[in-house]
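Please read the structure below before turning to the comments.
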Amino acid sequence: QIRSFDGGTVRNMDWIYRNIPGAKVERRTHQSVTVPPIPGQRVFQTMIDLEVQEYSGGYQDRTGKKSETYLKWLHKDLEEMPGDPRTIYYLGHAHVDMIGPNARADVMADPPGPGAEHVRKALEFFKWRADIRFGYHEERWFALLKAGEICERYLADYQCSTSMWSKAHRLDSERVDALFYLGQHFRLAQAPLK
């Protein structure tokens, strides 16, 4: 049971624990457990009663700084695991979450407004993740879609957006999302034949 900071709510959470020599929890955020293979290992489950008290300052921080905390933790994970594709992918999303409602105006302003840096960083991380050829196929494909969306929506860089969506289509031609975005772009650009 996880009890909230004020004690007003309790929620249940499932915990999986493997007591194996050499097991290592990686990343502060989007945790994963790396476990060395042990031939003939038995797998079993043990249920325990454990009550955890939440306090402010963690990832579930209720102070309104959750997004900033999340970004800091992801950057720390990347320092410890340079080039980690999963961390890079989530850094793109974390910067998207920080963009804010006036991002297009922030990007176009001189000097650029506060959302412009998050637009730039989100695009940088999604392009980086899209260039990494190993790891989860899904992350790479979604990174291409998101990069195209950022180029189109915030930067008005249509060469970039159509390039990203075309790459996403080549990566997984059975999915229609990239074709939808390309079709929508050309419709709005008044290029109906394309």
Side-chain angles (χ1 to χ4, degrees), residues 26-32 59-60 64-194:
E26 297 178 339
R27 305 180 184 99
R28 290 162 183 74
T29 49
H30 305 284
Q31 298 89 352
S32 61
Y59 171 58
Q60 295 296 330
K65 297 186 187 229
K66 180 176 175 179
S67 294
E68 289 95 347
T69 301
Y70 183 52
L71 261 175
K72 286 178 194 171
W73 286 8
L74 284 167
H75 278 289
K76 188 69 178 160
D77 284 346
L78 194 59
E79 280 177 32
E80 293 176 4
M81 299 174 71
D84 177 52
R86 190 164 201 199
T87 301
I88 292 165
Y89 176 74
Y90 282 111
L91 272 162
H93 281 290
H95 279 286
V96 165
D97 289 344
M98 298 291 291
I99 285 175
N102 300 318
R104 178 105 186 220
D106 286 350
V107 168
M108 302 302 175
D110 186 23
E117 180 64 10
H118 290 295
V119 168
R120 188 184 69 72
K121 294 300 281 183
L123 182 58
E124 175 187 323
F125 283 112
F126 282 130
K127 281 184 168 182
W128 186 5
R129 178 59 190 98
D131 287 341
I132 298 172
R133 306 234 183 251
F134 62 90
Y136 296 109
H137 170 82
E138 292 283 303
E139 286 176 2
R140 190 167 174 231
W141 184 77
F142 277 113
L144 286 164
L145 286 184
K146 266 327 239 191
E149 182 183 334
I150 290 165
C151 291
E152 176 103 357
R153 179 181 293 177
Y154 301 115
L155 303 175
D157 183 345
Y158 306 122
Q159 184 176 352
C160 171
S161 61
T162 57
S163 171
M164 294 294 114
W165 292 328
S166 296
K167 287 178 185 177
H169 175 62
R170 285 193 299 277
L171 183 63
D172 192 337
S173 61
E174 291 189 23
R175 292 188 177 182
V176 298
D177 305 64
L179 292 176
F180 171 80
Y181 288 125
L182 284 164
Q184 180 174 262
H185 164 78
F186 288 120
R187 180 182 64 81
L188 294 173
Q190 297 180 353
L193 293 179
K194 284 189 179 181

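Residue numbers start at 1 and run along the sequence shown.
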What distance separates Glu152 CD from Tyr181 OH, expressed to the nearest 0.5 Å?
-> 10.5 Å
Distance (rounded to the nearest 0.5 Å) between Leu91 CG and Lys121 NZ = 8.5 Å
Not counting sequence neighbours, which residues clear side chain to side chain donor-acceptor pair (under 3.5 Å) with Glu139? List them please.
-> Arg129
Taking 4.0 angstrom as the limit, do Glu68 and Lys72 come out as a salt bridge?
-> no
What pairs of residues pass the disulfide bond (SG atoms under 2.5 Å apart) test when at least one of them lies in residues 140-194, not counting sequence neighbours?
-> Cys151-Cys160
Side-chain atoms of residues 186-194: list all donor-acceptor pairs with protein atoms under 3.5 Å, sequence neighbours left out, distances to 0.1 Å.
none

When rounded to the nearest 0.5 angstrom, what is the spacing between CZ in Phe180 and CH2 in Trp165?
-> 9.5 Å
How close do Thr87 and Leu74 get, heavy atom to heavy atom, and via which atoms?
-> CG2-O, 3.3 Å
Is Asp84 close to Asp77 at the side-chain level, that is, under 4.5 Å between some pair of heavy atoms?
-> no
Value rounded to 0.5 Å, distance of NE2 in His169 from OG1 in Thr162 = 13.5 Å
Which pairs, with at least one residue in residues 142-161 and sequence neighbours excluded, count as a ring pair (Phe, Tyr, Trp, His ring centres under 6.0 Å)?
-> Tyr158-His185
Shortest non-hydrogen pair, Ile150 vs Ala122, comes out as CD1-CB, 3.7 Å
Rounded to the nearest 0.5 Å, how far does NZ of Lys127 lie from CE of Met164?
-> 5.0 Å
Return the set of residues passing side chain to side chain contact (heavy atoms under 4.5 Å, CB included) with Ser166 (not counting sequence neighbours), or none when no residue passes.
-> Arg170, Leu182
Could you check whether the rings of His93 and Tyr89 sit parallel, tilted or perpendicular, using 30° and 60° as the cut-offs?
-> perpendicular
May I ask you to test the Lys167-Leu171 pair for a side-chain heavy-atom distance under 4.5 Å?
-> no
Listed pairs under 3.5 Å, donor-acceptor, residues 94-102 side chains, sequence neighbours left out:
residue : atom : partner : partner atom : Å
His95   : ND1  : His118  : ND1          : 3.0

Between Pro85 and Phe134, which heavy-atom pair has the shortest distance, and what is it?
-> CG-CE1, 3.7 Å
Knowing that exactly one of Leu144, Asp172, Leu145 qualifies, which makes a side-chain contact (heavy atoms from CB on, under 4.5 Å) with Asp177?
-> Leu145
Please name the pair of heavy atoms, one in Ala130 and one in Ala143, separated by the smallest distance, quoted to 0.1 Å.
-> N-CB, 4.2 Å
If you measure from CD1 on Ile88 to CZ on Phe126, what distance do you get to the nearest 0.5 Å?
-> 12.0 Å
